[in-house]
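Just so you know, these numbers use all the heavy atoms, side chains as well, and skip hydrogens, waters and symmetry mates. A note on names: the letters A, B, ... follow the listed sequences, proteins ahead of strands, and every chain is numbered from 1. All of these numbers come straight from a predicted model, not from anything done at the bench.
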Amino acid sequence: MDLTGIAEKWQKEWGDAHVYEPLDEGGEKKFYTAAFPYPNSPQHIGHGRTYTILDIHARYARLNGKNVLLPMAFHVTGTPILAMAKKVREKDPELLSIFSNIYGIPSSKFAELGEPEKLVMYFSEEIEQGMKEMGYAIDWRRKFYTFDAHFNKFIEWHMKKLHEMGLIVKGSHRLAWCPSDNNVVSSHDTKGDVDPEIEKVVAIKFALSAGEYLVVSTYRPETVYGVTNVWLNPQSTLVKVKVDSGEMLYFAKEAWESLSLQVSGKVVGEVSAKEIIGKNVESPLGKKIPVFEARFVEQEVGTGIVMSVPAHAPFDYLALREIGKLKEVPPISIIEYRGSAPIPAQEYVEKLGVKDTTDPLADTATRELYKKEAHWGRMKAGEFSGMPVMEAKEKVGEKFEKEGKAFTIYVLANGPVFCRCGCKIVVKKVDDQWFIDYGNVEWKNKAKECLGQMSIVPEITRKEYLNTIDWLKEKACTRSSGLGTKFPFDETKIVEPLSDSTIYMAFYTVAHELKGMKTSELTPQFFDYVFLGRGRKEVHPKAEMLRKKFLYWYPLDARHSGADLVRNHLPFFILNHAAIFPPAQWPKSIVVNGFVLMEGKKMSKSLGNILPLRKAVREYGADVIRFSVVAGADLSQDTNFEKSVAVGVKERVGDLLALLEYARTDRDGQAEKWLRSRLNRKLKEAPQLYANMALRELGQMLFYEMTQELHWYMKRAKKPALKTFFEKWAIAFSPFMPHLSEEIWHALGKKGFAVNERFPHADEDAIDDEIEAGERVISELIYDAEKIAERFGKTPEKVYVYTASEWKRGVYEEMRESKNMNPALEWARKNKADMGKAAAFAKGLMKRVHALQPALSEEVEFSALFDASEFLSKELGARVVVKKEADAAAGHEKASVAAPGKPAIILE
RNA sequence: GCAGGGGUGGCGGAGCCUGGAAAACGCGCAGGACUUAAGAUCCUGUGGCUUAGUGCCUACGCAGGUUCAAAUCCUGCCCCCUGCACCA
């Protein structure tokens, strides 16, 4: 069996016939897309899952006679490609080893991959080839790259639209920053891939003298009401900084090194901490307090200066106790919670037996007390008395900031974090940062309206989109470097990748036509007409024609993606459509899927367990991979790729092809009727399952169950005849395995392509409950008889089968319907049955009364078994005699145990 | 911390919405057939017990509750996974 040969043959035929290149007009259309790939590596089977689901969706629409568009392009925006090309040029051993060992790239290629454009071309061709080998129904005429000049024009237009609507704003922004590289860092730039977390801290000014302040930093501004003193590390040096307002602020020298990137000011002097220790300062509440020394104060954290709240901070309490000042500045308790001690910090220190500030338990005490007070505490002092602590924290911070007594600084919550270059990462404030204002409430509402009209598959993810739209704030939409489109309002910047990929589906509708045009023709007015119908069609000779094409394909009928995009790309996609397009062009649905695990583990470069898509196709064949990555789990679940399963699928495909030799004729025996009933039942159920993208269930039903049933049929049939079966089944299953279907279709002598056929109509008359129930009785009989034969001790010569009498069926049906013995016995009385036997029989059924299946009449059950006696004899290796219970031979008293669907079995 | 999802055999996982024979389907494992042998393939079995009468018992994270009936509905607890933005 040569699955690869079959696949290649049909891919070529489809390509030559331009089967997947739809006209931009005609009957009812469907337009489906999936997130375009980022070509900095070959695709693996995980990518294959999303695209295969998309392809199945598209192919099913084709079977329903729709004009289907499924385009593809490449996303090259951003820095990863540049970074990777740079690493190639630097001959980074780790990367080159991945290239050789996982991706299988010959080392002769390495030189050219150092150029970003060549890198893009190499991997995008690799990906495109893989998609073709998977048999995807893609219209490649519309392919583009996001650094193409034509696409740049489109994104410029997009940004200008947002700007016109006031949805693009400029402001300041904090970033994790490497002072040595002078660049933004995110998790993959750090040592150990730590994600730098930026956290808000309040800096409060304590007056040293008029116009001069010590700046303390704190997570708990509300505790300022309980402050007793300020702590300075005696080993630290303070810098005196003149800020824009003219005030002089003191920070620890180490702290200032990073704070200088977010607080603008000039260092005008230095002073040793020792000179300040012992002096008094004035708190923002006007209270005079002393400055003490404490070695636990870390000079590079926050401002490097802290305030002391001994009633609520175990460290402060311990430090005061160590220097014997607890009497001089007694703790002031300002927070209470149910069961709180007068001095909570003291209580926690004593409860945990914390020795001093160097004791690791001091941290534990701090954490526990903080948790307690933050969750359950209320203020009991100051103007916010009675307020929950969490709320007061906000209020106090805001109030002091407004009064100029405090300001906000940002720190790394999980610091210190180190850049790959070895430098310590700091927080930088950027002033001329552009944002897309996803925080805009009106916009959010419009997006929710759009979401409300969309169908979301799986439906359970809908609330995720809602949550995300709700908490989205301004999103920085430019970067200072990377591939992509220059930001039209600041051409030194590039439009960031998640911002240039939100409405590009509209671009597909005309991309093939724009290719022949000059970029100078692609003006905002031109796009206004094509995409929005604004202005006059005379703006360009082609405008009218392109407008029609756009209106034909839009709105997008389905957006497919991996589940990882639910919290970023997909909400942006909804928001931008809601902003730019009128409701008639809003997208119709989103379909997301989970990942693919490799033998139970997450695929990763470090584990080296990535299975590249093309390699998988070579090993197992496209159809097998297609089926393996989509039918193994529910859509939203992760699915597991196992070699043994793929091998099993491949074998079953081989079995199916082998059965083609019986596909020349049809027949009309009991076995054929049964198979036809089973097939048509599936054809009846399949459309609903396809519509819900219930691919796992479809796979179970149309593949596993069907092959099992074929197996039973092959045993049952006297001369197998599968012509009509294959005609229908091949088409119904073709979305999953188009190559196999095409092969079967042509083996049946059909003209034209299977992939252009219509979904087979379910013949409801062929669905026959009695035939199916009869077969069930037969197969269960074999099972039971074999079980009994095991106990029999020797191979029986004869097997007598007795079907249950009609009166039992009457009692049985009454019981099944009423779930009660009385109506059944009533029925028995009316029908003059033996009441003693009837009662005993009914009693026996009572236990499983909720689980009774409908029973056949004795006549039908009898004739099903009688017809099958030859088959039964063969299966059981003994002569099988089928009789009715009433005709039991002498000595066959056990015939009386027969029940509907469970004939009595007597071995001899 | 906040938000979302989830705990069912040796394993992956059905079943939960809409209460009514839990473990579909697959993998793995065991036995058999075929084979010189192995692999592949096919058949049979795979929670426990039991019987020549097609059955009985035990099990769905823990603890309660509702119900004739709970994996399924309700309450509390324990544990696990994912995301939290400038990153594609």
**Message:** By nearest atom, which of the nucleotides C25(B), G83(B), G4(B) is closest to the Arg567(A) side chain?
**Reply:** G83(B)
**Asked** What do you reckon, are the aromatic ring centroids of Phe36(A) and Phe74(A) less than 6.0 Å apart?
**Response** no
**Asked** In the strands shown, is G19(B) matched to any nucleotide by a Watson-Crick or G-U wobble pair with both distances under 3.5 Å, and which?
**Response** none
**Nearest-Å distance once atom P is located in both A33(B) and G26(B)** = 24 Å
**Item:** Nucleotide paired to G9(B) in any strand shown, Watson-Crick or G-U, under 3.5 Å
**Value:** none
**Asked** Taking any strand in view, what nucleotide pairs with U46(B) in a Watson-Crick or G-U wobble way, both distances under 3.5 Å?
**Response** G28(B)
**Asked** Which value, in whole Å, describes the distance between the C1' atoms of nucleotides C43(B) and G48(B)?
**Response** 25 Å
**Prompt:** Which nucleotide, in any strand shown, forms a Watson-Crick or G-U wobble pair with C60(B), with both distances under 3.5 Å?
**Reply:** none
**Item:** Gap in Å between the two P atoms, one belonging to U36(B) and one to C29(B), rounded
**Value:** 25 Å
**Asked** Between Tyr802(A) and Tyr800(A), how do the two ring planes meet: parallel, tilted or perpendicular, split at 30° and 60°?
**Response** parallel
**Item:** Rounded distance in Å - CZ (Phe595(A)) to P (G5(B))
**Value:** 17 Å
**Message:** Checking Tyr51(A) now: which residues fulfil ring-ring contact (aromatic ring centres under 6.0 Å, His included) with it, not counting sequence neighbours?
**Reply:** none
**Asked** Would you call the rings of Tyr620(A) and Phe641(A) parallel, tilted or perpendicular if under 30° counts as parallel and over 60° as perpendicular?
**Response** perpendicular
**Prompt:** For Glu709(A), which of Arg681(A), Arg678(A), Lys715(A) qualifies under salt bridge (charged side-chain N to carboxylate O under 4.0 Å, His left out)?
**Reply:** Arg678(A)
**Request:** Measure from CH2 on Trp434(A) to P on A85(B) and round the result to the nearest Å.
**Result:** 24 Å
**Message:** Would you say His569(A) places a side-chain N or O within less than 4.0 Å of OP1 or OP2 belonging to C87(B)?
**Reply:** no
**Request:** Just call it for Asn467(A): base, sugar-phosphate, or nothing, with non-hydrogen atoms closer than 4.0 Å on any strand.
**Result:** sugar-phosphate
**Proximity of Phe572(A) and Trp443(A) rings by center, below 6.0 Å** = no
**Request:** If G1(B) has a Watson-Crick or G-U wobble mate with both distances under 3.5 Å, name it; if not, just say none.
**Result:** C84(B)
**Request:** Respond yes when some side-chain nitrogen or oxygen of Arg479(A) is under 4.0 Å from OP1 or OP2 of C87(B), and no when none is.
**Result:** yes
**Between G47(B) and A38(B) - P atom distance, rounded Å** = 27 Å
**Message:** For a quick check of understanding: with a heavy-atom distance under 4.0 Å over all strands, which category does Glu705(A) fall into, base, sugar-phosphate or nothing?
**Reply:** nothing
**Asked** Does one side chain, of His711(A) or Arg716(A), offer a donor that lies under 3.5 Å from an acceptor on the other?
**Response** no
**Request:** Would you kindly give the CG-to-C1' distance between Asn640(A) and G13(B), to the nearest whole Å?
**Result:** 10 Å
**Prompt:** To the side chain of Ile905(A), which of G26(B), C42(B), U54(B) is closest?
**Reply:** U54(B)
**Message:** Using O4'-C1'-N9-C4 for purines and O4'-C1'-N1-C2 for pyrimidines, with syn meaning within 90° of 0, is G9(B) syn or anti?
**Reply:** syn
**Asked** Separation of Phe703(A) atom CZ from A24(B) atom P, in whole Å?
**Response** 19 Å
**Asked** With rounding to whole Å, what would you report as the distance between G5(B) and C87(B) at their P atoms?
**Response** 29 Å
**Request:** Just name whichever nucleotide pairs with U72(B), Watson-Crick or G-U, keeping both distances under 3.5 Å, else none.
**Result:** none
**Message:** Regarding Val645(A), tell me which of base, sugar-phosphate or nothing describes its non-hydrogen contacts under 4.0 Å with the strands shown.
**Reply:** sugar-phosphate
**Complete:** Per nearest nucleotide of RNA chain B, the residue lying toward the 5' end, Pro903(A) or Gln637(A), is Gln637(A)
**Asked** From C84(B), A52(B), U54(B), pick the nucleotide closest to the side chain of Leu907(A)?
**Response** A52(B)
**A3(B) versus G76(B) - spacing of their P atoms, nearest Å** = 15 Å
**Prompt:** Just checking Leu597(A): base, sugar-phosphate only, or nothing, at a heavy-atom cut-off of under 4.0 Å?
**Reply:** nothing
**Message:** Can you tell me the base-pairing partner of A37(B)? Count Watson-Crick or G-U wobble geometry only, both distances below 3.5 Å, and say none if there is no partner.
**Reply:** none
**Prompt:** Taking the side chain of His711(A) as heavy atoms from C-beta outward, which of C43(B), C87(B), U41(B) is closest to it?
**Reply:** C43(B)
**Request:** Give Leu472(A) one of three labels, base, sugar-phosphate or nothing, depending on what nucleic acid heavy atoms sit under 4.0 Å from its own.
**Result:** base
**Nearest-nucleotide comparison on RNA chain B, the residue closer to the 5′ end among Val647(A) and Ser644(A)** = Ser644(A)
**Prompt:** When we call it a touch if two heavy atoms are under 4.0 Å apart, what does Ile906(A) touch: a base, just sugar-phosphate, or nothing?
**Reply:** base
**Request:** Choose from U54(B), A85(B), C27(B) the nucleotide whose nearest atom is closest to any side-chain atom of Glu642(A).
**Result:** C27(B)
**Prompt:** Over how many whole Å does the gap from Asp655(A) atom CG to A40(B) atom C1' extend?
**Reply:** 12 Å
**Prompt:** Starting at CG of Leu689(A) and ending at P of C25(B), how long is that distance when rounded to a whole Å?
**Reply:** 17 Å
**Request:** Determine the interatomic distance between P on A70(B) and the same-named atom on C11(B); round to the nearest Å.
**Result:** 26 Å
**Request:** Select one nucleotide: of G4(B), C86(B), U54(B), the one nearest the side-chain heavy atoms of Ala904(A).
**Result:** U54(B)
**Request:** Could you work out which one of A14(B), C27(B), C87(B) sits closest to the side chain of Arg696(A)?
**Result:** A14(B)
**Request:** Could you work out the separation of U41(B) and U50(B) based on their C1' atoms and round it to a whole Å?
**Result:** 35 Å
**Prompt:** Could you give the CH2-to-P distance, from Trp471(A) to C86(B), as a whole number of Å?
**Reply:** 10 Å
**Message:** Between Glu496(A) and Thr478(A), is there a side-chain donor-acceptor contact under 3.5 Å, judged purely by atom types and distance?
**Reply:** no
**Item:** Whole angstrom value for the distance that separates C1' of U44(B) from NZ of Lys715(A)
**Value:** 10 Å
**Asked** Out of G26(B), U41(B), A85(B), which nucleotide sits closest to the side chain of Arg652(A)?
**Response** G26(B)
**Message:** Using a 4.0 Å heavy-atom cut-off, does Thr77(A) contact any base of the nucleic acid, only the sugar-phosphate backbone, or nothing at all?
**Reply:** sugar-phosphate
**Prompt:** At under 4.0 Å between heavy atoms, what does Lys463(A) touch on the DNA or RNA strands: base, sugar-phosphate, or nothing?
**Reply:** sugar-phosphate
**Prompt:** What is the ring orientation for Phe733(A) with Phe703(A), classed by angle as parallel under 30°, tilted 30 to 60°, or perpendicular over 60°?
**Reply:** parallel
